[in-house]
Amino acid sequence: MVKVRQDAWSHEDDLLLAETVLRHIREGSTQLNAFEEVGDKLNRTSAACGFRWNAEVRSKYENAIDLAKRQRKEKKRAVAAAGQKLNKPVIELSQTAEAHIDSNSEYSEATASTLTIDSVIRFLKDLKKDYYASNQSKNTLEQYKKDNLKLHDQVNQLEKQLAQTEAQLSTIQEDYQVFIQIMDRARKMTVLDDQGTMPSPAFRMDKNGNLQQLAQGN
């Protein structure tokens, strides 16, 4: 599938990028693998994801990166210790069985078993912490998505209200123009009434018996 370039990075995209990179660090993977995973999810190239991480996102998660690196080291140590302790009791019990079986051998076996169980429990607790941390990031991402949907709904409602207000304003403007025309006609009629009726023209007869209209005011 050809990946399409997308210039705009949303807050949810940055959060997904940060959560994925931190998870890969904790698991002992590389950031390149994290960039490829995010690129597949967001339909971006791994190079674009890497540039975004180094240019914008990384500086905001310095403490989280240090914590993830420490968790990775502790996990490696726990796995190594668990492997050593799981193998050690077999050797010790074999040597003890070849030498002699007494009360001390039972104590050594119990002690070795106890240490092994403690290591496994500690390892499982670390896994549990990582699981809860991952779930918390997912829950945060889901909450951001819900908030984003709410904001979209609010924007749609405001756009509808704006359209209704514009329609009302247009109607008011039309009514206002009609009102102005009515008032203008009424004003003109009032002026004519104030001036009264125009005087009738006056005439006189000349010596030849013809009527002539007299000028107003004569």
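Given the structure is predicted, the values throughout are model-derived calculations rather than measurements.
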Q: For Gln136, look at atom CD and say whether over 12 heavy atoms of other residues, nucleotides or ligands are found less than 6.0 Å away.
A: no

Q: Rounded to the nearest 0.5 Å, how far does CD of Glu19 lie from CG of Leu22?
A: 7.5 Å

Q: Report yes if the side chains of Thr30 and His24 come closer than 4.5 Å at any heavy-atom pair, otherwise no.
A: no

Q: Is there a path from Trp9 to Phe51 through hydrophobic residues (I, L, V, M, F, W, Y) whose side chains come within less than 4.5 Å of each other?
A: no

Q: What's the separation between atom CZ in Arg77 and atom CZ in Arg122, rounded to the nearest 0.5 Å?
A: 11.5 Å

Q: Taking the side chain as every heavy atom from C-beta outward, state whether Tyr131 and Leu127 have any atom pair closer than 4.5 Å.
A: no

Q: Just wondering, do Glu159 and Leu162 contact through their side chains at under 4.5 Å, heavy atoms?
A: no

Q: Do Leu17 and Val21 have side-chain heavy atoms sitting under 4.5 Å apart?
A: yes

Q: Which residues pass the side chain to side chain donor-acceptor pair (under 3.5 Å) test with Gln143, sequence neighbours left out?
A: Asp147

Q: Is the ring pair Tyr61/Trp53 parallel, tilted or perpendicular, if the boundaries are 30 and 60 degrees?
A: parallel

Q: Compare every heavy atom of Ala68 with every heavy atom of Ile25, then report the nearest pair and how far apart it is.
A: CG2-CB, 3.7 Å

Q: Check whether any side-chain heavy atom of Asp14 sits under 4.5 Å from a side-chain heavy atom of Arg52, and report yes or no.
A: yes

Q: Hey, are the side chains of Tyr144 and His11 touching, using non-hydrogen atoms and a 4.5 Å cut-off?
A: yes

Q: Under a 4.5 Å cut-off applied to non-hydrogen side-chain atoms, are Val38 and Arg44 in contact?
A: no

Q: Mind listing the closest non-hydrogen atom pair of Ala78 and Phe123 along with its distance?
A: CB-CD1, 4.2 Å

Q: To the nearest 0.5 Å, what is the distance between CD1 on Ile172 and CD on Gln177?
A: 13.0 Å

Q: Which pair of non-hydrogen atoms, one from Thr140 and one from Leu15, has the smallest distance, and what is that distance?
A: CG2-CD2, 4.1 Å

Q: Identify the heavy atoms of Ser46 and Phe35 that sit nearest to each other, and give their distance.
A: O-CB, 3.6 Å

Q: At what distance, to the nearest 0.5 angstrom, does OG of Ser134 lie from CG of Asn139?
A: 9.5 Å

Q: Any side-chain heavy-atom pair from Arg58 and Gln31 closer than 4.5 angstrom?
A: yes

Q: Can you tell which of Lys75, Arg23, Arg72, Lys125 makes a salt bridge (Lys or Arg N to Asp or Glu O under 4.0 Å) with Asp130?
A: Lys75

Q: Please determine if Asp184 and Arg187 form a salt bridge, counting it only when a charged side-chain N lies under 4.0 Å from a carboxylate O.
A: yes

Q: Find the distance between OG1 (Thr45) and CD (Glu36) and round it off to the nearest 0.5 Å.
A: 10.5 Å

Q: If you look at every heavy atom in Ala18 and Val57, which pair is closest and at what distance?
A: CB-CG1, 4.0 Å

Q: Measure from the side-chain N and O atoms of Thr165 to the backbone N and O of Gln161, and report whether any donor-acceptor pair falls under 3.5 Å.
A: yes

Q: Out of curiosity, Gln181 CD to Arg185 CZ, how far, rounded to the nearest 0.5 Å?
A: 6.5 Å

Q: Passes salt bridge (charged side-chain N to carboxylate O under 4.0 Å, His left out), Glu37 versus Lys41? Steps please.
A: CA-CA 6 Å; Glu37 180 179 341; Lys41 293 180 178 179; 3.3 Å; yes

